[in-house]
Amino acid sequence: MITMDRIVREGHPVLREVAKEVALPPSNEDLAVLKEMHEYLTNSQDQAIAEKYDLRPGSGLAAPQIGVAKRMFAIHTTDEKDQLHSYGFINPKIVSHSVEETSLENGEGCLSVDRPVEGLVPRHARITLDAHTLDGEHIRMRFRGYIAIVIQHEMDHLNGIMFYDRIEEYDGPHKRPLPI
Ligand SMILES: CC(C)(C)[C@H](NC(=O)Nc1cc(F)cc(F)c1)C(=O)N(CC(=O)NO)CC1CCCC1
Ligand SMILES: [Zn+2]
């Protein structure tokens, strides 16, 4: 099981690498790693387990964050409509997105960043994602709202981008931030 000591923190070069595509069909090892990442998220959202193992509750985790420079990430969170989004994506790609932008009104954080960083992080309001799933199917799905933000945050990790790279210094006109 993944615990916080397995999560790489900022400063480690793997967080600035461009992760490599996963060979398809994914190997049992790649699938096991993605499953473990997904399990971290569900464990971290279980009060008892999170307390027992001192896990920081998380909604998304990308493979580079556990030192694996491969293009896969896991998501497990409910959205504004209390709809559960629980995925393991392999070789995800944002194939289109809205011009409209949005941001979390309290800014973002990161499991790999042990400090608060102020500032709005501009994200596409809506995205279309192509990916292979943990179940081996190829999907093309549209996301909006909080989930779209989580996915863009995780996609950035696959390209060596940290959320604070996107915080604009000037108070540029962001579209209304998402009321989360
Ligand atoms: C950085 C941290 C504050 C730990 C953030 N927490 C989080 O999203 N908690 C959360 C949210 C829910 F909706 C339901 C729930 F059960 C727990 C997080 O996991 N991430 C993921 C991350 O660092 N991925 O690399 C950061 C968020 C910032 C914007 C989207 C994800
Ligand atoms: Zn992160």
Side-chain angles (χ1 to χ4, degrees), residues 1-19 33-34 36-90 92 94 97 101-127 129 131 143-168 174-175 177-180:
M1 116 183 228
I2 292 177
T3 53
M4 289 303 286
D5 60 310
R6 289 262 311 271
I7 296 184
V8 160
R9 304 306 154 88
E10 61 178 329
H12 191 295
V14 74
L15 291 176
R16 289 303 191 182
E17 278 179 40
V18 175
V33 166
L34 184 51
E36 233 193 332
M37 289 160 52
H38 190 263
E39 185 198 68
Y40 172 84
L41 300 175
T42 52
N43 285 341
S44 76
Q45 293 180 27
D46 176 308
Q47 184 90 32
I49 302 176
E51 257 166 47
K52 181 168 175 158
Y53 296 98
D54 195 19
L55 307 180
R56 199 175 171 200
S59 56
L61 187 64
Q65 292 181 275
I66 56 167
V68 176
K70 291 190 175 182
R71 302 189 77 79
M72 46 192 193
F73 60 75
I75 307 268
H76 188 81
T77 185
T78 48
D79 64 13
E80 306 84 344
K81 300 186 181 67
D82 240 12
Q83 155 126 35
L84 177 66
H85 291 263
S86 188
Y87 313 107
F89 288 137
I90 296 167
I94 293 175
H97 60 78
E101 292 189 339
T102 186
S103 54
L104 290 182
E105 58 187 4
N106 300 322
E108 297 188 8
C110 182
L111 285 163
S112 296
V113 177
D114 296 329
R115 62 191 170 96
V117 180
E118 297 295 309
L120 295 182
V121 181
R123 299 287 186 190
H124 306 310
R126 293 175 299 284
I127 57 171
L129 187 81
F143 296 97
R144 64 183 59 212
Y146 181 68
I147 304 304
I149 291 175
V150 181
I151 288 172
Q152 290 171 78
H153 177 107
E154 304 313 332
M155 276 301 298
D156 274 355
H157 277 305
L158 305 186
N159 296 319
I161 297 167
M162 301 295 282
F163 74 93
Y164 44 71
D165 300 340
R166 294 185 180 278
I167 294 174
E168 288 146 20
H174 287 304
K175 297 288 168 294
L178 207 58
I180 288 287

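Keep in mind the model is a prediction, meaning the values are calculated, not measured. Starting from 1, each residue takes its place in the sequence as its number. For ligands, and for the atoms within them, numbers begin at 1 and follow the listed sequence.
Surrounding CZ of R126 are more than 12 heavy atoms belonging to other residues, nucleotides or ligands, all under 6.0 Å away.
Excluding waters, the set of protein N, O or S atoms lying under 2.8 Å from the Zn ion (ligand 2) comprises C110 SG, H153 NE2, H157 NE2.
When the options D156, V150, L158 are evaluated for a side-chain contact (heavy atoms from CB on, under 4.5 Å) with E154, the one that passes is V150.
The closest donor-acceptor contact from the side chain of Q152 to the backbone of A148 lies under 3.5 Å. Panel note: side chain S44, backbone G58; a donor-acceptor pair is recorded below 3.5 Å.
The closest side-chain heavy-atom distance from F143 to H97 is not below 4.5 Å. The closest side-chain heavy-atom distance from R56 to Y40 is below 4.5 Å.
We find that K52 and D46 are not joined by a salt bridge, their nearest charged nitrogen and carboxylate oxygen being 4.0 Å or further apart. Between R166 and E108 there is no salt bridge, since no side-chain N of the basic residue sits under 4.0 Å from a carboxylate O of the acidic one.
Both tests do not hold together for R71 against F89: distance to the six-membered ring centre under 6.0 Å, angle to the ring axis within 45°.
Protein residues with a heavy atom closer than 4.0 Å to ligand 1 are Q45, R56, P57, G58, S59, G60, Q65, T77, L104, E108, G109, C110, L111, Y146, V150, H153, E154, H157, listed by chain and number.
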